[in-house]
Amino acid sequence: MIKPKLVMEILEHHFPEVPIPLHFEDPFTLLIAVLLSAQCTDERVNQVTPALFELAKTPAKMALCTPEAIEAIIRPCGIAKNKSRAIQALSEKLVREFDSQVPKSFEALESLPGVGHKTASVVMAQAFGIPAFPVDTHIHRLAKRWGLSNGKSVEQTEKDLKNHFPKEKWNKLHLQFIYFGRTYCPARGHDEKACPICSRL
């Protein structure tokens, strides 16, 4: 296992600035973009969301759309039927139970249709600045590869990473992991000797 402090130093050296890869304007548009990103690239989501948000950019307007109208726009993102139903249903619930506002708690976010812990974590971190460590398949893979977690489950990986790193660094580290993984530590065709972290293992 590489020391967490060294991981932080390497990530900070290579990615001192980490823009949020999904385009959004407010917590609601971020929530929708993150939901769409499941099993889909951020680039593809960013290509689709302008048309979707032209159709409806608020929970009230999205709640009035049919799942079929939403699905027609988001089809390139995959799993479109499930995602469109979730988007319409969560919009209705936001209007009905949360005064059309995206809630600022994990429990409330995870009560929304289609919203799991990872999606809630991204919204808490990136929309509200509340410390969270969202773990997707890429971060899960990197944590195991670097010996920071045993890789048994995403839940265990999140717990281990939170134990390894200071709470105030979680939100930035989540993005640094993603950018570093894409650039230096991909799942396939990985050159360990050229990777600034794996070369030190």
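Surrounding CD of Glu168 are more than 12 heavy atoms belonging to other residues, nucleotides or ligands, all under 6.0 Å away. Around atom CZ of Arg200, no more than 12 heavy atoms belonging to other residues, nucleotides or ligands sit under 6.0 Å away. Atom CZ of Arg44 is surrounded by 12 or fewer heavy atoms from other residues, nucleotides or ligands within 6.0 Å. When the shell of 6.0 Å around NZ of Lys144 is examined, it contains 12 or fewer heavy atoms from other residues, nucleotides or ligands. Counting non-hydrogen atoms of neighbouring residues, nucleotides and ligands closer than 6.0 angstrom, the CD atom of Glu54 reaches no more than 12 such neighbours.
No path of Ile, Leu, Val, Met, Phe, Trp and Tyr side chains, each step under 4.5 Å between heavy atoms, connects Phe53 with Leu64, placing them in separate hydrophobic clusters. The hydrophobic clustering, which links ILVMFWY residues whose side-chain heavy atoms are closer than 4.5 Å, places Val95 and Val102 apart. Linking Ile, Leu, Val, Met, Phe, Trp and Tyr whenever their side-chain heavy atoms come within less than 4.5 Å leaves Ile79 and Val115 in two separate clusters. With hydrophobic clusters built from ILVMFWY side chains whose heavy atoms lie under 4.5 angstrom apart, Ile20 shares a cluster with Val18.
When every heavy atom of Ser100 is checked against every heavy atom of Pro59, the shortest pair comes out as O-CG, 3.5 Å. The two residues Ala38 and Lys83 have their closest heavy-atom pair at O-NZ, 2.8 Å. Here the closest heavy-atom approach between residue Thr157 and residue Ala143 is recorded as CG2-CB, 3.6 Å. When all heavy atoms of Phe165 and Trp170 are compared, the pair lying nearest together is O-NE1, 2.9 Å. What you find for Ile197 and Leu11 is that their closest heavy atoms are CD1-CD2, 4.2 Å. Residue Ile2 comes nearest to Leu148 through the heavy atom pair O-CD2, 3.8 Å, listed as atom of the first residue, atom of the second, then distance.
Asp42 places no side-chain N or O within 3.5 Å of a backbone atom of Pro21 that could act as its donor or acceptor partner. Side chain of Tyr184 to backbone of Asp191: no donor-acceptor contact under 3.5 angstrom is found. Checking side-chain atoms of Asp99 against main-chain N and O of Gln101 turns up no donor-acceptor pair under 3.5 Å. At distances below 3.5 Å, at least one donor-acceptor pair connects side-chain atoms of His174 with backbone N or O atoms of Pro134. In terms of modelled atom types and a separation under 3.5 Å, the side chain of Gln88 and the main chain of Ala63 share a donor-acceptor contact. Not one N or O on the side chain of Arg145 forms a donor-acceptor pair closer than 3.5 Å with the backbone of Cys198. Side-chain atoms of Thr183 do not come within 3.5 Å of backbone N or O of Phe180 as any donor-acceptor pair. Of the possible donor and acceptor atoms, none in the side chain of Thr49 sits under 3.5 Å from a partner among the backbone N and O of Leu52. Distance alone, capped at 3.5 Å, places no donor-acceptor pair between the Ser37 side chain and the Cys40 backbone. Distance alone, capped at 3.5 Å, is enough to place a donor-acceptor pair between the Lys93 side chain and the Ser111 backbone.
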**Message:** Run the side chain to side chain contact (heavy atoms under 4.5 Å, CB included) test on Gln176 and Glu12 for me, step by step, so that the C-alpha distance in whole Å, both residues' side-chain angles and the decisive distance to 0.1 Å come before the verdict.
**Reply:** CA-CA 8 Å; Gln176 288 175 320; Glu12 187 64 28; 3.0 Å; yes

**Request:** Take Lys159 and Gln156 through the side chain to side chain contact (heavy atoms under 4.5 Å, CB included) test and state the conclusion after the steps.
**Result:** CA-CA 5 Å; Lys159 185 178 178 182; Gln156 185 61 46; 4.3 Å; yes

**Item:** Residue pair Met62, Phe28: steps toward the side chain to side chain contact (heavy atoms under 4.5 Å, CB included) verdict
**Value:** CA-CA 10 Å; Met62 196 72 80; Phe28 178 69; 4.0 Å; yes

**Request:** Just do the ring-ring contact (aromatic ring centres under 6.0 Å, His included) check on Phe177 and His138 with the steps written out, would you?
**Result:** CA-CA 8 Å; Phe177 265 70; His138 303 292; over 10 Å; no

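Contact of the Thr66 side chain with the Ser84 side chain is not registered, since no non-hydrogen atoms from C-beta on lie closer than 4.5 Å. Side-chain atoms of Pro27 and Phe128, non-hydrogen and from C-beta on, do get closer than 4.5 Å to each other. Counting only heavy atoms from C-beta outward, the side chains of Cys195 and His190 approach each other to under 4.5 Å. Taking the side chain as every heavy atom from C-beta outward, Ile178 and Arg182 approach each other to under 4.5 Å. Looking at heavy atoms from C-beta onward, Pro196 lies in side-chain contact with His14 at the 4.5 angstrom threshold. Residues Val154 and Thr137 have side chains not in contact (no heavy-atom distance under 4.5 Å, counting atoms from C-beta outward).
To the nearest 0.5 Å, atom CD of residue Glu92 and atom CD of residue Glu97 are 11.0 Å apart. Distance CG/Leu36 to CG/Leu22: 9.0 Å, rounded to 0.5 Å. With rounding to the nearest 0.5 Å, the separation of CG in Asp26 from CD1 in Ile32 is 10.0 Å. Going from atom OG1 of Thr119 over to atom NE2 of His117 covers 10.5 Å, rounded to the nearest 0.5 Å. Note: Ile70 CD1 to Leu55 CG = 7.0 Å, rounded to the nearest 0.5 Å. In this structure, NZ on Lys104 lies 9.0 Å from CE on Met124, to the nearest 0.5 angstrom.
Under the salt bridge (Lys or Arg N to Asp or Glu O under 4.0 Å) criterion, Lys57 pairs with Glu25, sequence neighbours left out.
Using a cutoff of 4.0 Å between basic side-chain nitrogens and carboxylate oxygens, Lys118 and Glu158 are not scored as salt-bridged. Checked for salt-bridge contact, Glu9 and Lys5 meet the test: a charged N lies under 4.0 Å from a carboxylate O.
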